[in-house]
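Lettering of chains follows the sequences in order, A, B, ..., and the numbering in each one begins at 1.
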2 protein chains.
Amino acid sequence: MTETGTKTPRERYRDQVRTEVKEHAREQIATAGASALSLNAIAKRMGMSGPALYRYFASRDDLITELIRDAYRSLADTFRTTAESGTDLPGLAHALRGWALDDPQRYFLIYGTPVPGYHAPEDITGIASEIMTILLDASTGLPTDGPTTPFEVDLGAHRHWAGDHPAPPAALHRALTFWTRLHGVLSLELAGHFTGMGFDPAMLFDSELAGLAEQ
Amino acid sequence: MTETGTKTPRERYRDQVRTEVKEHAREQIATAGASALSLNAIAKRMGMSGPALYRYFASRDDLITELIRDAYRSLADTFRTTAESGTDLPGLAHALRGWALDDPQRYFLIYGTPVPGYHAPEDITGIASEIMTILLDASTGLPTDGPTTPFEVDLGAHRHWAGDHPAPPAALHRALTFWTRLHGVLSLELAGHFTGMGFDPAMLFDSELAGLAEQ
DNA sequence: CGCGTTCGTTATAAGTTGTAACTCACGCTA
DNA sequence: TAGCGTGAGTTACAACTTATAACGAACGCG
């Protein structure tokens, strides 16, 4: 952060415009979904012509990729600060839910419907593994009950996806189920599949979290 | 199938073209995602001009809604036939996974990223509750262990979402977690979030299924 | 102060969805 | 069987979209 002074006025202006474009893009995505994102509409709202935005983003997909990167970055940051403040696995879970509810479409930018051909850039997968590492750190050290399953043996053998994290196989398994179960409740809630069902999604979330703790 | 004779030739032709359009649409969606679906491209592949398709579908969204309806119908059918053949909850789970893997984009048509403004037509929510009823039927009658949680009391009180299904509160809870947990694993697998992780998604799925049984 | 980089513009190409108006042919009915 | 109406497919068009190209102007660095 000490190098901000080295930026030229043009660079600062450029960054400012880029963030403003992304703000409008986020607003537009929250309103009508990512597929309805229009560079032209953003340009008009910013008071300039359509093609001008191509000075700042190579293409529409490039802008969306940037938003996906920001989403990952944002999730990794909230995870990291939450973990650094000494909170445990349930704390991480509630941080996740709060983050997701804060901007559902941002959540779906990461965990939503994949575009068949699309492959995320290398640095994005790096952030994803950063998130996984934080989750693994929090999963380690808890008491493990029950015998080690064949699946956990398999997990212990192939842990390169965890950055070769030195967690016991049960912890790897716990982190994985933490991820899948909370995503299961959360994504259905955010997608509106529980609307009109009368029960409180937060209670179902906490119920799953409780089941996660005693396993 | 015995009532096909009551249709006029024009109706039969119309139905044939409609299904052919939907086949091309499904193929296009599987290749490049739902957002890349183009009526023009479909028309050209079928050897006719773009606007001709508007005789068969009122709009692009109308076609997509039709595909969503078909997806729900297809899932309800496989669920129903699976349940009718006497299979239990695990059988239902494997039927679900097989159905999802058979056409991932069809799964995401139902459970993928929601479009903010969109509301599914009434009949589609009807099919959704049909699916839920089958799941509730299969969830009823299993032994319930552990005390009834406050959440389950709440579920028992607001069961109109289940079509007032006469299942014990624990069964309502079981059906809900069946849904959320399997969706959690399945959606992450289908979205490719497990690729390159080295473990077998089927084992994680079965592990979750096992945890579901002993709860 | 000048010069080069960068920004924003308009023009244009090639797409898209969707409407309007016009043929034409199919098939029901008289 | 003859005719007529309905529905299918066409082209033309409007209003969008993404994206490129070429031009002018302004900004800021040396």
J.: Please list, chain by chain and in numerical order, all residues satisfying salt bridge (charged side-chain N to carboxylate O under 4.0 Å, His left out) with A/Asp123, sequence neighbours excluded.
T.: A/Arg69
J.: Return the value, rounded to whole Å, for the distance between atom CG of B/Asn40 and atom P of D/dC16.
T.: 18 Å
J.: Whether B/Ser38 contacts C/dG15 is assessed here as follows: a side-chain N or O lying under 4.0 Å from the phosphate OP1 or OP2. Is that the case?
T.: no
J.: Give me, pair by pair, the N or O atoms of the protein and of nucleotides 27-30 of chain D that are less than 3.5 Å apart, along with how far apart they are.
T.:
residue	atom	partner	partner atom	Å
D/dC27	O2	A/Arg10	NH2	3.0

J.: Mind checking what makes salt bridge (charged side-chain N to carboxylate O under 4.0 Å, His left out) contact with B/Glu23, not counting sequence neighbours?
T.: none
J.: Between atom CD in A/Gln16 and atom C1' in C/dT6, what is the gap in whole Å?
T.: 16 Å
J.: Please determine if A/Arg45 and A/Glu20 form a salt bridge, counting it only when a charged side-chain N lies under 4.0 Å from a carboxylate O.
T.: no
J.: For residues 75-95 of chain B, which residue pairs qualify under side-chain hydrogen bond (donor to acceptor under 3.5 Å, both in side chains), counting only residues two or more places apart or in two chains?
T.: B/Asp77-B/Arg80, B/His94-B/Asp206
J.: Would B/Glu130 and B/Arg73 pass as an ion pair if we require N to O under 4.0 Å?
T.: yes
J.: Using the ring of each side chain (for Trp, its six-membered ring), is A/His183 parallel, tilted or perpendicular to A/Tyr111, with breaks at 30° and 60°?
T.: tilted
J.: Report yes if some heavy atom in the side chain of A/Phe79 is under 4.5 Å from a heavy atom in the side chain of A/Leu96; otherwise report no.
T.: yes
J.: Whole Å only: how far is the CZ atom of B/Arg14 from the C1' atom of C/dC26?
T.: 15 Å
J.: Report which part of the nucleic acid A/Leu63 touches: base, sugar-phosphate, or nothing (heavy-atom distance under 4.0 Å, all strands).
T.: nothing
J.: Going by the rule side chain to side chain donor-acceptor pair (under 3.5 Å), which residues pair with B/Asp70 if we only count those two or more places apart in sequence or in a different chain?
T.: B/Lys22
J.: Could you tell me how far apart B/Glu11 (CD) and C/dC26 (P) are, to the nearest whole angstrom?
T.: 18 Å
J.: Which residues in residues 45-62 of chain A have at least one heavy atom lying under 4.0 Å from any atom of DNA chain D?
T.: A/Pro51, A/Tyr54, A/Arg55, A/Ser59, A/Arg60
J.: Whole angstrom is fine here: how far is it from OH in A/Tyr13 over to P in C/dC7?
T.: 8 Å
J.: Quickly work out the B/Gln28 CD to C/dT16 C1' distance and round it to whole Å.
T.: 12 Å
J.: Nearest-Å distance, CZ (B/Arg12) to C1' (D/dG7)?
T.: 16 Å
J.: Mind checking whether A/His193 and B/Trp179 have parallel, tilted or perpendicular rings, split at 30° and 60°?
T.: perpendicular
J.: Just the rounded figure in Å: distance from P of C/dT16 to CG of A/Leu39.
T.: 18 Å
